[in-house]
Amino acid sequence: MKKIFAEANEYNLKDFFIEEGLSVSSFRMGTISVLPGERVPKEGVSVHEENEYSYIISGGMTGESGGEAFEISGGMGTLIPAGEEHWCINESDVPCEICWVLIK
């Protein structure tokens, strides 16, 4: 088995590639600290071709996914299906720490 990861970007994103024989799979994983008052993305919505699984380590966020409002807080997990538009904002006075994985 061979594992390779890319350098982190502004969202602390890492690309992982796992090779087993003739099969290669990949996923993206990262962490983010969303500061009080910060919105992700800064404008508009996010949408990607992978399912997004997130675990909220601490803090909380409000936002919209698939046209429905949501609230999340520390200890909760989320799934945003591939192709679903979403955004969130930290309306609290503490950072929101999130670990997330994108899987195709």
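This structure is a prediction, so every number in the text was calculated from the model and none was measured. Numbering starts at 1 and runs along the sequence shown.
- Cluster annotation: I56 and V40 are assigned to the same hydrophobic cluster (Ile/Leu/Val/Met/Phe/Trp/Tyr, side-chain heavy-atom contacts under 4.5 Å, transitive).
- We find the OG1-CD1 distance between T31 and I98 to be 10.0 Å, quoted to the nearest 0.5 Å.
- Follow the hydrophobic side-chain contacts under 4.5 Å out from I80 and you never reach M76; the two are in separate clusters.
- Put simply, the side chain of N51 reaches to within 4.5 Å of the side chain of L79, judged on heavy atoms.
- The line from OG of S54 to CG of L102 is 8.0 Å long, rounded to the nearest 0.5 Å.
- Side-chain contact between E38 and P95: absent, with no pair of heavy atoms (C-beta onward) separated by less than 4.5 Å.
- Side-chain contact between V34 and M61: present, with at least one pair of heavy atoms (C-beta onward) separated by less than 4.5 Å.
- S92 approaches V94 most closely through the heavy-atom pair OG-O, 3.0 Å.
- Separating the CD atom in E50 from the CH2 atom in W100 is a distance of 9.0 Å, to the nearest 0.5 Å.
- Sequence neighbours left out, the pairs with a member in residues 58-74 that pass side chain to side chain donor-acceptor pair (under 3.5 Å) are T62-E91, S65-E84.
- P41 places a side-chain heavy atom less than 4.5 Å from the side chain of W87.
- Among all heavy-atom pairs drawn from T78 and I72, the shortest one is CG2-CG2, 3.6 Å.
- The distance from atom NE2 of H86 to atom CD of E52, rounded to the nearest 0.5 Å, is 4.0 Å.
- Nearest heavy atom pair, residue C88 against residue F70, reads CB-CZ, 4.0 Å.
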Exercise for review: Could you give me the CA-CA distance, side-chain angles and deciding distance for C99 and M29, then say whether side chain to side chain contact (heavy atoms under 4.5 Å, CB included) is met?
Suggested key: CA-CA 8 Å; C99 177; M29 182 174 187; 3.9 Å; yes
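- Residues G44 and R39 approach most closely at O-NH1, 2.9 Å, considering heavy atoms.
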